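Chain identifiers are assigned alphabetically (A, B, ...) following the order of the sequence lines, protein sequences preceding nucleic acid strands; residue numbering begins at 1 within each chain. Keep in mind that what you see is a predicted model, and the values were worked out from it rather than measured.
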Number of protein chains: 2
Amino acid sequence: MNKKEMAHELLIKNNINVSYQRMKIMEYLIGNHNHPTVVDIYNDLKEQIPTFSKATVYNTMKLFEENNLVQSISIKEEEVRFDPDISFHGHFLCKECEKVYDFPVEIKGLKTSFEEEFNVENSYYFLKGFCPECKK
Amino acid sequence: MNKKEMAHELLIKNNINVSYQRMKIMEYLIGNHNHPTVVDIYNDLKEQIPTFSKATVYNTMKLFEENNLVQSISIKEEEVRFDPDISFHGHFLCKECEKVYDFPVEIKGLKTSFEEEFNVENSYYFLKGFCPECKK
DNA sequence: TTTAATGCAAATCGTTTGCATATCT
DNA sequence: AGATATGCAAACGATTTGCATTAAA
């Protein structure tokens with residue numbers, strides 16, 4: 001099954017009306033590990049979609065997030081990035097090249113009385129520093 | 001030792017020149033568990049400081065962060081909050097009342113090959129959901 | 001008196017909003 | 001047709017910048 005088929009199936013399965021733009025964005029996200037911003041998505045797709053607009057990307061990413069097709073990552077203050085991998089894992093931001101890396105996290109001993117009192121819906125583990133390429 | 005004395009000592013100890021504004025901001029932060037934004041700090045102090053400006057708050061918080069007197073928390077996309085407690089602990093954002101709560105975190109089994117390759121300088125653990133008062 | 005901090009206004013940038021147009025069902 | 005999605009431009013809000021003024025060393 002190719003990306004187009006996967007994208008189509010994902011939209012249908014989540015009761016999201018299919019449109020050309022939504023398909024293109026979903027195809028772009030599938031298998032993408034670059035944690036793109038709205039502007040990244042917009043820039044990378046505007047050639048393919050003559051009348052493409054940022055507002056559509058904002059609308060679409062909001063819709064995808066509400067339907068748990070992506071998670072939003074605000075590891076860097078000014079901008080929101082998106083990750084099509086919605087499983088819990090860590091994100092590392094390199095302060096030099098600004099790349100975001102995924103990494104596995106195993107958090108043990110976290111269940112405390114806190115999680116009985118609070119209704120936790122989302123969790124994020126962020127690290128910042130320098131990646132192998134950028135550390136001297 | 002009162003807040004004024006504590007604030008003064010903290011600035012001196014970190015080789016930060018003392019000014020009226022910096023003192024006021026530091027006094028405001030000491031013992032504050034509200035995770036204020038720049039705008040919060042500005043609003044809460046502007047009565048006491050007639051000519052106060054947001055630019056000064058931005059400058060000062062940047063300086064404080066560089067000197068490890070506060071940590072910045074970008075748990076909510078649009079805004080940066082500050083925490084005078086620089087120890088590692090979790091932050092919980094209530095989606096309803098938007099309050100940010102601190103909680104202790106014990107992360108075990110995290111040392112992986114990842115942390116040997118990457119030079120980690122900061123870490124954050126964020127949760128989102130509904131606090132005891134806001135969950136139905 | 002020389003350096004550093006402050007304050008104001010303008011600029012920037014990501015994001016949101018309103019509304020008209022186009023596209024699906 | 002009727003509902004929904006798209007696109008454009010204007011609005012917004014947090015943050016940054018430039019520069020003149022003021023305070024501190």
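For A/Asn17, the listed nucleotide lying nearest its side chain is D/dA5; candidates were C/dT6, D/dG7, D/dA5. Closest to the A/Ala55 side chain, of the nucleotides D/dC8, C/dG7, D/dT6, is D/dC8. Side-chain proximity of A/Arg22 to the nucleotides D/dA5, D/dG7, D/dT16 is greatest for D/dA5. Nearest to the side-chain atoms of A/Tyr58 among the listed nucleotides C/dT15, D/dT6, D/dT15 stands C/dT15. Counting only heavy atoms from C-beta on, B/Thr51 has its side chain closest to C/dG7 among C/dG7, C/dT6, D/dT6.
At a cut-off of 3.5 Å, with distance as the only test, no side-chain donor of B/Asn59 or B/Thr56 sits close to an acceptor on the other residue.
Distance B/Ile49 CD1 to D/dA23 P: 14 Å, rounded to the nearest Å.
Ion pairing of B/Glu79 with B/Arg81 is present here, as a side-chain N (NZ or NE/NH1/NH2) and a carboxylate O approach within less than 4.0 Å. Salt bridge status for B/Glu77 with A/Lys62: absent, with no side-chain N to carboxylate O gap under 4.0 Å. Looking at A/Lys95 and B/Glu121, a side-chain N of the basic residue comes within less than 4.0 Å of a carboxylate O on the acidic one, giving a salt bridge.
The residue B/Phe52 sits close only to the backbone: its heavy atoms come under 4.0 Å of sugar-phosphate atoms, none of a base. Residue contacts for B/Val80: at a heavy-atom cut-off of 4.0 Å it reaches the sugar-phosphate backbone alone, with no base atom in range.
Remark: A/Ser19 is in phosphate contact with D/dT6, judged by side-chain N or O atoms under 4.0 Å from OP1 or OP2. A sub-4.0 Å separation between OP1 or OP2 of D/dA23 and a side-chain N or O of B/Gln21 is absent.
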